[in-house]
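Below, chains carry the letters A, B, ... as their sequence lines are ordered, and counting in each starts from 1.
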Protein chains: 2
Amino acid sequence: MTRQTSSPVYRQIAADIRAAITRGDYPPGSRIPHTELELAQRYNVSRATVRQGLTALVNEGLIYVPARSSGYQVRSINKMVLRPQAEWREQPETPAMDRFMTDHADRKADQAIAVEIVAPPPDVAEQLRLAPGELTVLRRRTRSLDDQPFNINDSYFPYAIAKDSALMDPSDIALGTSEILLEQGFRMDHALDTIEARMPTPEEVERLKISAGIPVMIYRFTGFTADDQPIRHTVNVLPGNLHIVAFERKRNWPNGDGKLEDEA
Amino acid sequence: MTRQTSSPVYRQIAADIRAAITRGDYPPGSRIPHTELELAQRYNVSRATVRQGLTALVNEGLIYVPARSSGYQVRSINKMVLRPQAEWREQPETPAMDRFMTDHADRKADQAIAVEIVAPPPDVAEQLRLAPGELTVLRRRTRSLDDQPFNINDSYFPYAIAKDSALMDPSDIALGTSEILLEQGFRMDHALDTIEARMPTPEEVERLKISAGIPVMIYRFTGFTADDQPIRHTVNVLPGNLHIVAFERKRNWPNGDGKLEDEA
DNA sequence: CAGTGGTCTAGACCACTCG
DNA sequence: GAGTGGTCTAGACCACTGT
């Protein structure tokens with residue numbers, strides 16, 4: 001309600017509602033107690049202007065419209081911890097850490113797997129250091145929790161390595177895909193993880209049912225043999241409102257020179 | 001131009017322009033060769049409808065308006081690799097990897113530092129396992145490159161640990177803040193890194209000059225002593241269009257059981 | 001069926017940039 | 001000064017949800 005120095009009306013409306021949410025007046029999951037029409041009357045502006053303000057908040061990921069005609073609702077946050085290192089450690093270092101799809105026994109986990117032979121996208125080809133025209137085996141997984149799509153997990157393998165292996169089988173690989181690679185004579189020795197964030201593409205919005213104002217994290221994983229040959233590249237698309245990625249580091253790991261710094 | 005099955009006009013407009021960009025018709029950095037008015041005539045709709053479509057693309061981070069009357073422009077991507085592990089390794093494992101503010105000698109790097117004594121936000125208090133009411137020393141850094149704000153780096157230290165140290169000095173600490181902690185008798189032994197993504201708050205938009213459609217990554221770093229006492233917590237806010245975070249892992253690091261898995 | 005948000009029109013005036 | 005995007009109005013009709 002408090003108007004500041006000559007900012008557009010729609011921003012003021014957004015700021016007021018944002019403040020109310022931050023203050024706790026409208027708790028997560030609750031409905032915003034005013035309709036567009038009410039707000040238009042209250043601020044004495046047109047509905048279009050109110051809408052512009054509300055749309056801004058939607059694009060911040062702060063509120064959303066769950067279903068047509070049910071009003072604007074404050075988004076609640078419930079993130080799952082993703083722990084790339086969890087798989088190759090005997091037990092968790094930090095007690096508070098979760099492991100994916102393990103401590104959510106009450107929820108119905110599921111995944112859809114499809115296998116294709118494809119020409120890799122340029123970035124994948126570069127990571128795998130493939131010659132132009134070289135093909136890859138792509139294992140696409142869409143994972144769900146309670147029938148809600150949760151993340152996308154696309155693993156690319158050089159065709160030469162994967163062609164006659166169990167990687168071509170579009171069913172869950174209980175052993176882990178690294179075991180299959182090992183059977184083929186490729187032992188994974190080290191890995192590179194990268195994470196970036198952007199807004200989702202329309203395809204991702206479709207596939208993951210991402211609503212407006214939610215970014216995605218792109219978490220990439222490249223696996224190498226001891227002589228630094230890349231043998232796999234995995235691209236994870238993680239809706240930002242559902243995931244946290246966590247890593248651990250220890251001073252006495254090899255290659256450390258004793259310093260453990262916060263820089264950057 | 002190709003209309004699909006009964007989707008709103010503004011989405012069609014957005015889809016057409018998105019396709020043209022993806023196809024390479026409008027390369028990164030170039031201007032979209034149509035004004036709002038032209039598009040309105042071309043699609044035979046009102047300017048408001050065209051605007052709705054363009055706004056959608058802006059909120060995807062695909063296009064933006066550099067200055068008031070200069071038209072819509074395709075965003076170009078130029079990301080910097082952030083490598084938390086770089087500081088405690090003698091030399092980079094992977095040749096392709098960068099190190100922050102080191103290989104950009106042609107650019108003017110800068111940072112503004114401020115030190116405050118504050119009550120920590122709840123999440124920081126929890127990470128540092130502080131009792132209610134316990135204070136922290138907060139070192140706020142805003143880093144710039146070519147006078148463009150680049151990221152925010154806020155480090156919290158328990159007041160009891162930092163109070164009489166050089167951490168209170170709001171100037172660059174050449175040695176590294178860990179060295180200061182060591183002088184105080186706290187040797188950092190291991191660390192926890194977490195990364196998540198969301199849309200920026202208005203304060204972050206202001207401080208980092210983030211434009212619409214750009215998410216931020218929140219990269220947190222918590223440092224512990226050998227007996228698992230948390231002695232520092234750093235919160236980095238990284239605009240999604242500028243940063244990639246990278247980690248490396250090796251099979252023969254301690255705690256590894258020989259498996260190195262891709263499972264998200 | 002009333003209420004709510006989703007889409008759209010046909011205008012208007014303003015602020016800023018560029019030639 | 002012409003062109004461009006930024007803000008805003010006062011309507012309209014539609015699609016869907018809930019009671």
Side-chain angles (χ1 to χ4, degrees), chain A residues 3-17 26 29-75 202 205-206 209-213, chain B residues 3-17 26 30-75 202 205 209-213:
Chain A
R3 178 154 317 189
Q4 287 183 8
T5 57
S6 71
S7 123
V9 184
Y10 81 91
R11 280 186 194 277
Q12 279 304 319
I13 298 174
D16 288 349
I17 298 176
Y26 310 154
S30 75
R31 184 176 164 173
I32 299 224
H34 310 289
T35 68
E36 293 180 348
L37 227 45
E38 281 172 17
L39 289 168
Q41 289 158 3
R42 167 183 302 231
Y43 282 96
N44 199 27
V45 295
S46 73
R47 184 163 81 104
T49 301
V50 167
R51 245 180 109 66
Q52 203 177 357
L54 289 167
T55 302
L57 294 180
V58 168
N59 285 326
E60 286 177 27
L62 210 59
I63 63 176
Y64 70 113
V65 178
R68 244 199 172 111
S69 152
S70 58
Y72 291 84
Q73 207 161 306
V74 180
R75 198 179 284 282
V205 167
E206 169 72 20
K209 312 265 184 256
I210 300 172
S211 60
Chain B
R3 177 153 323 186
Q4 288 182 7
T5 56
S6 72
S7 120
V9 184
Y10 81 92
R11 279 186 195 278
Q12 279 303 319
I13 298 174
D16 289 349
I17 297 175
Y26 310 154
S30 75
R31 183 176 163 172
I32 300 226
H34 310 289
T35 67
E36 292 180 350
L37 226 46
E38 281 171 17
L39 288 168
Q41 288 157 5
R42 166 182 302 231
Y43 284 95
N44 199 28
V45 296
S46 73
R47 184 163 80 102
T49 301
V50 167
R51 245 181 108 66
Q52 202 177 356
L54 289 167
T55 302
L57 294 179
V58 168
N59 285 325
E60 285 177 28
L62 211 58
I63 64 176
Y64 70 112
V65 178
R68 203 54 176 261
S69 142
S70 55
Y72 290 84
Q73 205 161 306
V74 181
R75 196 179 287 280
V205 167
K209 313 266 185 253
I210 299 172
S211 60

Looking at residues at least two apart in the chain, or sitting in another chain, which of them share a salt bridge (charged side-chain N to carboxylate O under 4.0 Å, His left out) with A:Glu36?
-> A:Arg47, A:Arg51
Would the number of heavy atoms belonging to other residues, nucleotides or ligands and lying under 6.0 Å from CD of B:Glu38 be above 12?
-> yes
Can you name the atoms? Protein N/O to nucleotides 17-19 of chain D N/O, anything below 3.5 Å, with the distance.
unit_1	atom_1	unit_2	atom_2	d
D:dT17	O4'	A:Arg68	O	3.0
D:dT17	O4'	A:Ser69	OG	3.4

With sequence neighbours excluded, what pairs up with A:Ser70 under the side chain to side chain contact (heavy atoms under 4.5 Å, CB included) test?
-> A:Pro66, A:Ala67
Measure the CD1-CG distance between B:Ile13 and B:Leu57 for me, rounded to the nearest 0.5 Å.
-> 10.0 Å
Mind listing the residues from residues 46-57 of chain A sitting with a heavy atom below 4.0 Å of DNA chain C? Number order is fine.
-> A:Arg47, A:Arg51
Note: A:Ala212 and A:Asn59 closest approach over all heavy atoms is CB-OD1, 4.0 Å
If you pin A:Tyr10 and B:Thr35 to their nearest nucleotides in DNA chain D, which one's is more 5'?
-> B:Thr35
Test side chain to side chain contact (heavy atoms under 4.5 Å, CB included) applied to A:Val65 - qualifying residues, sequence neighbours left out | A:Tyr72
Tell me, please, which residues at least two apart from A:Tyr26 pass side chain to side chain contact (heavy atoms under 4.5 Å, CB included).
-> A:Ile17, A:Ala20, A:Ile21, A:Ser30, A:Ile32, A:Pro33, A:His34, A:Val74
Boundaries of the chain A footprint along DNA chain C (any atom under 4.0 Å from a heavy atom) | C:dG3 to C:dT7
Which residues pass the side-chain hydrogen bond (donor to acceptor under 3.5 Å, both in side chains) test with A:Ser211, sequence neighbours left out?
-> A:Arg75
Who pairs with B:Thr49 by side-chain hydrogen bond (donor to acceptor under 3.5 Å, both in side chains), at least two apart in sequence or on another chain?
-> B:Ser46
A:Ala40: what forms a side chain to side chain contact (heavy atoms under 4.5 Å, CB included) with it, not counting sequence neighbours?
-> A:Val50
